[in-house]
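Take a look at the structure set out below.
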Amino acid sequence: PNLISLLCNCQPISGPSPPSPSAIVQPTTETGCSVCGVGKDVTNPDAIFSFPGQPATPCGELEDNGENGDLSSDQCDFLPNLISLLCECQPISAPSSPPVAQPSVDTACSVCGNGKEVTNPDAVFSFPGQPATACGELEENGENGDFSSDQCNFLPNLISLLCDCQPINAPSPPPPSVDTGCSVCGVGKEVTSPNAIFSFPGQPATPCGELEEDGENDILSSDQCGILPNLISLLCGCQSIGAPSPPSPSEIVQPTADIGCSACGEGKEVTNLDAIFSFPGQPATACGDLQEDGKSGDLSSDQCDFLPDLISLLCDCREISPTSPGCSVCGDGKEVTNPEAIFSFPGQSPISCGDLEDDGGNGEVTDSQCEVYASLIGPLCGCQPTPTPTLTPSPTEKPTTSFPTRTPTLSPTAQPTTSSPTVSFAPSTITDLNLVELLPFLDETADEEFYMVELLHFNDRKADAIYTDLLVSEVFPSIGAEVVINGTILSYKDFYVVKYPSGNAYREAILENNKVQEALANRQMGLEKYYSWATKLIPKPFLPANLTAPPFEWENDLGPTPEGYPTTLFFHAVEFAEIPDYDKVPFTRIPESEQMTTGREAVAKFDELAGPVKAEFGIRAVAWLDVQATVAGSVVMDEIRIEDIPSLQGLGEGMQTDTWLEAAAHRWAGVTYDAITAFARSNVDINQYSN
């Protein structure tokens with residue numbers, strides 16, 4: 001979405017199409033915005049902004065387009081991050097500046113970041129719409145105050161590798177020595193494809209073998225050694241030093257069938273076989289061929305580790321569906337009790353419920369078709385829970401496994417069958433919830449408050465609104481439940497945190513309420529995906545103290561609050577890794593002696609280091625929640641954290657600090673790839689630690 005939103009003019013599905021094609025979208029003056037962001041304007045109007053698939057446009061014209069309503073709200077959200085450096089966005093109250101701000105000692109900064117300096121002054125940095133500039137000149141411009149504060153914030157990440165930024169007053173490198181050298185592949189690894197050519201903007205193309213020698217001879221800085229492994233691992237065929245080298249060069253590595261792997265990652269497979277994956281120094285390869293190479297052992301273990309992150313989106317990697325001889329047309333755990341009833345559907349031949357059930361059991365009906373049938377035939381075919389086996393866990397034991405569930409597939413309201421259900425709950429959707437975890441949790445919290453967290457991916461918000469309005473206006477007030485947090489992620493996702501007074505109240509108001517269950521049919525029409533977790537609030541003493549401090553005083557720290565400026569919510573659903581993987585951290589290295597032994601400990605270390613940085617820029621915990629049960633969806637989490645961010649600019653400044661980078665490395669290593677992180681616009685924001 002971040003990459004294609006501007007180019008493809010992404011809009012909400014239910015929104016009206018633009019009246020006619022244009023470079024952006026037809027004018028709607030009431031939606032005018034600043035392309036630089038709220039409270040900022042362009043000070044370099046002649047700079048040219050280019051984006052793939054769009055005509056090159058001067059920053060001044062782009063600003064006019066925004067003010068005239070020619071840009072959509074989504075484009076207005078994305079553009080500030082893309083053009084801030086090029087168009088020299090400045091606060092509106094600040095005096096306009098020429099293409100480069102006038103020198104001012106007060107605004108002097110280091111283009112490498114605080115405490116660092118350029119050590120490769122002759123390297124040439126280029127940026128679209130700006131003249132190519134030597135790193136040394138760039139540094140002088142910063143020291144002379146020729147850059148705005150925004151540019152100073154952006155530049156370190158762009159030039160660090162090229163300009164070889166190093167701590168100021170760092171000792172000069174000692175004479176080349178094996179003891180002080182480093183491995184460009186990472187600790188304990190070596191290059192096995194020395195003739196592959198590595199290229200990087202502003203640097204000469206270099207064979208991997210020479211790059212390895214530069215590392216061993218201490219020609220590369222420690223920062224470069226930290227960054228290079230993730231850039232060259234696939235290209236240079238990095239392998240553990242003791243591993244046998246491939247017998248000869250090949251597109252990837254010579255076959256070793258006994259170490260076959262999935263290019264998408266364990267348990268996943270390619271579903272877009274014809275998509276073409278390309279990587280510098282390697283021939284372009286179809287995703288299907290890449291998958292076959294992995295199965296045949298043509299990929300090294302390192303490549304198998306790196307490829308999932310690189311190809312997941314392109315090759316549309318998805319969980320491998322478990323093989324099964326068939327499925328139940330009534331839905332998981334149910335069977336037909338009226339086999340003679342005849343089911344008919346437009347365009348299909350009539351068929352008895354019994355024959356339909358046999359077709360499902362014999363594998364003649366696909367899993368997706370079974371899901372559709374389950375929502376259509378329930379009342380007609382008398383679908384009832386299968387008598388055995390009984391899935392009723394002991395109330396004294398908390399289930400240790402989760403049962404993947406799907407997005408609710410609800411049947412249309414229909415006349416009930418003559419057969420009585422075997423449970424007292426409304427029959428519409430109850431089996432789509434993970435009852436094996438949910439029911440014991442409700443028993444455990446029978447008289448105890450808890451929080452239900454929902455993450456919704458919408459197809460149609462209006463369809464879901466019928467269900468949501470019923471809960472908010474009628475059901476919640478009747479039992480004392482309350483929506484305490486609600487945020488919108490982009491334009492098609494929402495998350496809700498609902499505080500329930502007890503498990504008994506939830507059971508009666510939601511599970512046993514026929515009106516609610518019938519309204520869920522509307523929600524199903526409006527949802528593409530649905531995840532839900534039952535949680536308990538983590539007590540205040542277990543959080544970093546500075547994250548539960550009094551609210552941030554914007555006036556004192558950031559100046560006047562812009563009128564109508566929404567608080568940003570940070571939503572982070574975390575699954576802790578059993579053992580933290582520090583090798584996967586791409587941006588810094590944590591010494592082995594400082595590495596944590598469990599994922600939970602690694603994230604705790606992040607909290608310890610990052611807490612003061614967050615607090616300095618006003619970030620506060622709204623609710624940290626301990627996940628007790630996975631209620632819907634197959635994504636298992638350990639914690640869900642929601643925090644207030646009063647200023648994304650402040651967060652960006654905090655993330656530039658060395659402390660944050662060290663802290664982030666621990667978090668990166670300590671969570672699994674299933675963790676969900678998102679920024680959201682705040683709709684409801686009641687801090688659960690304010691009392």
Side-chain angles (χ1 to χ4, degrees), residues 112-117 119-120 156-168 170-171 173-174 176-191 198 200 203 208 211-243 301-303 305-306 309-310 576-577 579-599 601-610 613 654-673 675:
C112 278
N114 292 335
K116 292 185 177 181
E117 63 183 352
T119 63
N120 186 4
N157 286 332
L158 296 175
I159 72 168
S160 178
L161 184 66
L162 173 67
C163 299
D164 195 7
C165 293
Q166 297 289 339
I168 296 174
S177 162
V178 174
D179 294 336
T180 58
C182 66
S183 168
V184 291
C185 279
V187 177
K189 294 184 179 180
E190 63 184 353
V191 167
F198 173 69
F200 193 83
Q203 300 283 5
C208 292
L211 207 58
E212 184 170 47
E213 291 177 4
D214 289 345
E216 293 171 350
N217 294 331
D218 206 30
I219 297 174
L220 302 179
S221 68
S222 58
D223 279 352
Q224 290 169 331
C225 282
I227 295 173
L228 278 169
N230 286 310
L231 296 175
I232 71 167
S233 178
L234 186 67
L235 173 67
C236 298
C238 292
Q239 298 283 346
S240 298
I241 290 176
S301 58
D302 277 351
Q303 291 162 341
D305 290 339
F306 278 106
D309 287 339
L310 297 176
F576 297 117
I579 299 174
D581 183 2
Y582 284 91
D583 289 337
K584 75 177 182 180
V585 179
F587 46 83
T588 191
R589 286 186 293 178
I590 300 297
E592 188 171 351
S593 60
E594 299 176 16
Q595 296 179 7
M596 302 295 107
T597 57
T598 69
E601 290 174 353
V603 175
K605 187 65 175 178
F606 163 79
D607 295 334
E608 174 190 336
L609 295 172
V613 181
M655 293 174 68
Q656 296 296 323
T657 64
D658 291 337
T659 299
W660 185 280
L661 290 177
E662 179 186 355
H666 288 289
R667 182 178 65 179
W668 194 291
V671 301
T672 69
Y673 286 112

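Hydrogens, waters and symmetry mates play no part in the numbers below; they use all other heavy atoms, side chains included.
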Measure the [atom1]-[atom2] distance between [X] and [Y] for me, rounded to the nearest 0.5 Å.
| X | Y | atom1 | atom2 | result |
| --- | --- | --- | --- | --- |
| Asp581 | Thr672 | CG | OG1 | 11.5 Å |
| Glu190 | Ser183 | CD | OG | 8.0 Å |
| Glu608 | Lys605 | CD | NZ | 4.0 Å |

Assess the residue pair Glu594 and Glu662 against the criterion (side chain to side chain contact (heavy atoms under 4.5 Å, CB included)); give the C-alpha distance rounded to whole Å, side-chain angles, the decisive distance to 0.1 Å, and a yes or no.
CA-CA 11 Å; Glu594 299 176 16; Glu662 179 186 355; 4.1 Å; yes

Just so I know, are the side chains of [X] and [Y] near enough to count as touching, which here means a heavy-atom distance under 4.5 Å?
| X | Y | value |
| --- | --- | --- |
| Thr657 | Val613 | yes |
| Val184 | Asp214 | no |
| Met596 | Tyr582 | yes |
| Arg589 | Val187 | yes |

Determine whether Val603 and Phe576 satisfy the following criterion, side chain to side chain contact (heavy atoms under 4.5 Å, CB included), listing intermediate values before the conclusion.
CA-CA 8 Å; Val603 175; Phe576 297 117; 3.6 Å; yes

Do you know the tightest heavy-atom contact between Met655 and Leu661?
O-CD2, 4.1 Å

Residues Pro580 and Gly599: closest non-hydrogen pair is CD-N, 3.5 Å

Start with the C-alpha gap between Lys116 and Asp658, add the side-chain angles, then the distance that decides, and say whether side chain to side chain contact (heavy atoms under 4.5 Å, CB included) holds.
CA-CA 11 Å; Lys116 292 185 177 181; Asp658 291 337; 4.2 Å; yes

Tell me if the SG of Cys208 lies under 2.5 Å from the SG of Cys236.
yes

Between Cys112 and Cys163, is the SG gap short of 2.5 Å?
no

Excluding sequence neighbours, so at least two apart, what forms side chain to side chain contact (heavy atoms under 4.5 Å, CB included) with Ala665?
Val585, Phe587, Thr588, Ile590

Are the side chain of Gln166 and the backbone of Thr119 linked by a donor-acceptor contact shorter than 3.5 Å?
no

